[in-house]
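Only one structure is covered here, and it is reproduced in the block below.
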Amino acid sequence: MATMRCNSLFSSVALTSFMLAGIAPVAEAASTEDSEIRLLRAEMSQMRRDMQQQIVTLKHQLAKSDATSTRGHMGQAAGHGRNAMHVADGNYDPNVQFGEQEPLKKIAPLSGVGTPPSDRGDTMSWKDFKAATASDEEVRVGGMIVGFPKGRFTVASEDGAYGFSVGLSFHEDFGGFLGGGQRAGNSNGDFGGFTENARRIRIPFTFRYKDWVANVTPDLGAGNVDGNSTDQGLYEANLNYTGFRNTILTVGYFQPRVTEEDSESSNDFEMMERPAITDAVRKIAAGDARFSFGGLHYEKRWWIASYFTGQTYGDRKGNTSSTSNSTSYYSGVGNSQTGTTFRAAGRPYVSKDIDVHVGISAISAFKVKETCTDSSAGSTCKRSYGLSQSPEVNLTSTNLVSATIGNASSIWSAGPELGFRWKKMVLKGEYYNIGVNRGNNPGSLGAEGLKTVHMQGYYGSANYTIFGKGREYNIKEGAFGAPGVEHEFDPSRGHWGALEITGRYSVTDFSDVSADIRGGRQTVWSGGINWYPNRHFRFMLDFNHFIVSRTSSEGGNTMSSWNEHGRDGNSFAARVQAAF
């Protein structure tokens, strides 16, 4: 190709020389004494010498290029996807280039090696985005970059200022319950022998302009029942600014980070579900698709975040109004909830083999949402708060521990986080106390109307990576991440991906006898094994044994018909996961 282009250039040079040679006699015929003609002749002579020098230089370039190609082909111009030749010493025109812009392919041979992509829109600064794009598999075509930074499909402008990426977080669960039959007098509940559920089907869309990032992530799962319209909605829709160092400022529907478990991506969980207590805490004023305004900042040794929060996406969808006898009535959420979250974490000791994590999380709904019921006699509005949790497996719609606290004015929770990593072993634990303040309408519950209800829970877990890279600390989440795949699954080469085992002990207590609330106490022993053939896929198998004390109707609580006398049982569940 280069030889053909050089021959074409030589022909152009020869034609130009011929034309210049033809002009000279005409100029001489006009007047040999004319000074302008003499000047023109001198200029043409100089041009001819320059042309000849250029031909010599080009021949030298071509010869050296041919010699170089036999040793290893042409080098590529850095960052421009353009074939560039080494140029010989001597005078030459730097604007003369061989070849046309061609797609630059950069293959990442270990693209399936690493940790799973997040289940959320990946919010990075412009600087980090360019670095991630430069380090992963990519193709550059026409000034655009098409690649998979951090394992997620991305199209970006050459400077990374404009970017669009789309991902996938898919969790399909299947399994059932053994030995979970009801005790005398209890209803059976939803504890089938075998069932399945699309736990998460999230499709994160991320739009970028420099340090401004918008995330929109629909979720077609998000619940316990396949196909339930209430479980098909929005996971996040938010605007972020990342222009400050290691800082992400967010406004919109978001999952505020609170508790260590909730700060992790669900693609990184040790078990299929969070401990019940951390799930209950996050729902107070955080959780999925919660309107949020705030930010987080991280460094290698510490992490901090705080958000002001409002209603959850879809809270007002059932609001209606009506008129009867010239009187207007209203039903639905009459006054939305507002609250705040705070989390701070640090690493007081870090070494190659050891990581120590300490932290604290706090959350508060300082105004509980008000719900109104429309009736022929008028609208009745109240503020109450209900808590309920499954036995830490989402293959049932039956929650064995539950409590409803009426006359609730505010809710809060706080507790410590502890974590410790030694080589490939990770130990974690958290404790939280939940307080529900009552008293905005003391007469409705008599003397108990002013008494604060206290509930609590905690968990401890242990995890060990058998093969693969052990779990490490993720400084951007202030939490431990998933194990890393060092070699993709390839039995012919003795590569098996990554494998880990995990165990957990969890207690959730929704009873406060002094306040006449008996929502039950749930204890769950769990064990699991997780296999990662590569960074994009995971297979999980969990066993849970749960023991639950009875729920009762004291203090305005609604008694559970399937847990009047307490019950225990076992569950086996498996999950297939895809993450991009």
Side-chain angles (χ1 to χ4, degrees), residues 110 112-120 122 150-151 169 171 200 257 259-275 278 298-303 343 345-359 361 392 416-430 459-489 495-506 526-543 575-579:
L110 303 178
V113 173
T115 57
S118 175
D119 63 346
R120 311 154 178 158
D122 203 344
K150 295 192 174 181
S169 179
H171 298 174
R200 295 177 181 90
R257 315 301 189 227
T259 82
E260 195 278 344
E261 281 279 333
D262 197 43
S263 297
E264 296 179 11
S265 162
S266 63
N267 291 336
D268 295 348
F269 285 173
E270 294 179 351
M271 308 293 297
M272 289 171 56
E273 299 298 335
R274 300 175 182 87
T278 62
Y298 63 90
E299 298 291 345
K300 290 183 178 180
R301 301 291 292 269
W302 58 276
W303 187 101
R343 178 175 182 253
R347 302 164 71 193
Y349 182 82
V350 180
S351 70
K352 178 182 177 181
D353 294 331
I354 296 176
D355 244 317
V356 177
H357 165 91
V358 295
S361 286
E392 298 185 5
E417 312 169 7
L418 296 174
F420 175 78
R421 178 188 67 85
W422 180 68
K423 295 184 177 179
K424 292 188 175 185
M425 176 176 286
V426 175
L427 306 176
K428 295 194 306 182
E430 298 181 73
Y459 76 90
S461 68
N463 176 279
Y464 183 77
T465 302
I466 299 175
F467 53 81
K469 191 175 183 179
R471 288 178 173 261
E472 292 187 345
Y473 201 78
N474 185 332
I475 63 172
K476 292 186 177 182
E477 294 180 345
F480 290 97
V485 175
E486 296 178 302
H487 302 283
E488 290 188 10
F489 176 65
H495 298 162
W496 302 95
L499 183 72
E500 64 177 348
I501 56 173
T502 190
R504 187 169 71 202
Y505 175 72
S506 169
S526 305
I529 185 168
N530 307 321
W531 176 51
Y532 305 73
N534 52 60
R535 72 183 302 185
H536 297 290
F537 295 91
R538 174 167 71 162
F539 299 87
M540 307 180 71
L541 180 63
D542 283 8
F543 168 78
R575 169 176 294 171
V576 291
Q577 170 181 303

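Quick caveat: nothing in here was measured; it's all calculated off a predicted structure.
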### Query
Can you name the side-chain hydrogen bond (donor to acceptor under 3.5 Å, both in side chains) partners of D542, sequence neighbours left out?
none

### Query
Does any non-hydrogen side-chain atom of W496 lie less than 4.5 Å from one of F489?
yes

### Task
Apply side chain to side chain contact (heavy atoms under 4.5 Å, CB included) to H487 and list each qualifying residue two or more places apart in sequence or on a separate chain.
H495

### Summary
All heavy atoms of E477 vs all of R343, minimum pair found to be O-NH1, 3.2 Å

#### Entry: Heavy-atom check, side chain of R200 versus side chain of R575, under 4.5 Å
yes

### Message
I'd like to know if the side chain of T502 reaches the main chain of A462, judged simply by a donor and an acceptor atom lying under 3.5 Å from each other, with no hydrogens or angles considered.
### Response
yes

### Query
So, do L499 and I466 sit near enough that their side-chain heavy atoms are less than 4.5 Å apart?
yes

### T465 versus G470, closest heavy-atom pair with distance
OG1-CA, 3.5 Å

### Task
Would you check if the side chain of W422 reaches a backbone N or O of L427 as a donor-acceptor pair within less than 3.5 Å?
no

### side chain to side chain contact (heavy atoms under 4.5 Å, CB included) against E299, all qualifying residues, sequence neighbours excluded
R245, N246, H297, W302

### Query
Has the side chain of N534 got a donor or acceptor atom that lies under 3.5 Å from a matching backbone atom of V485?
no

### Task
Drop me the distance from K150's NZ to D122's CG, to the nearest 0.5 angstrom.
5.0 Å

### Task
Answer yes or no: is there a side-chain heavy-atom contact under 4.5 Å between E260 and E430?
yes

### Query
Any idea which heavy atoms bring W531 and A498 closest together, and the distance?
CD1-O, 3.2 Å

### Query
Taking only residues two or more places apart in sequence or in another chain, which ones pass side chain to side chain contact (heavy atoms under 4.5 Å, CB included) with Y349?
S351, I354, V356

#### Entry: Any donor-acceptor N/O pair, S506 side chain to Y459 backbone, under 3.5 Å
no

### Task
Answer yes or no: is there a side-chain heavy-atom contact under 4.5 Å between R471 and P483?
yes

### Task
Measure from the side-chain N and O atoms of S361 to the backbone N and O of T259, and report whether any donor-acceptor pair falls under 3.5 Å.
yes

### Task
Please confirm whether the backbone N or O of F480 pairs with a side-chain atom of D268, one donor and one acceptor, at under 3.5 Å?
no

### Query
Are R347 and W303 side-chain neighbours, meaning at least one heavy-atom pair lies under 4.5 Å?
no

### Message
Are the side chains of E488 and V113 in contact, using a 4.5 Å heavy-atom criterion?
### Response
yes

### Query
Is the backbone of S266 close enough, under 3.5 Å, to the side chain of D119 for a donor and an acceptor to pair up by distance?
yes

## Note on the structure
dist S263:OG -> E417:CD (nearest 0.5 Å) comes out at 6.5 Å

### Message
Closer than 4.0 angstrom, basic N to acidic O: yes or no for E261 and K428?
### Response
yes

#### Entry: Nearest-0.5 Å distance, NZ of residue K424 to CZ of residue F467
9.5 Å

## Note on the structure
Sorted by chain and residue number, the side-chain hydrogen bond (donor to acceptor under 3.5 Å, both in side chains) partners of S526 (sequence neighbours excluded) come out as N544

### Gap between atom NZ of K423 and atom CE of M425 - 0.5 Å precision
11.5 Å

### Query
What pairs with Q577 under side-chain hydrogen bond (donor to acceptor under 3.5 Å, both in side chains), at least two apart in sequence or on another chain?
H171, R538

### Query
Does some side-chain heavy atom of L418 sit less than 4.5 Å from a side-chain heavy atom of V358?
yes

### Query
Looking only at atom types and distance, does a side-chain atom of H357 sit under 3.5 Å from a main-chain N or O of F420, one as donor and one as acceptor?
no

### Query
Does the R504 side chain pair with the main chain of E270, one donor and one acceptor, at a distance under 3.5 Å?
no

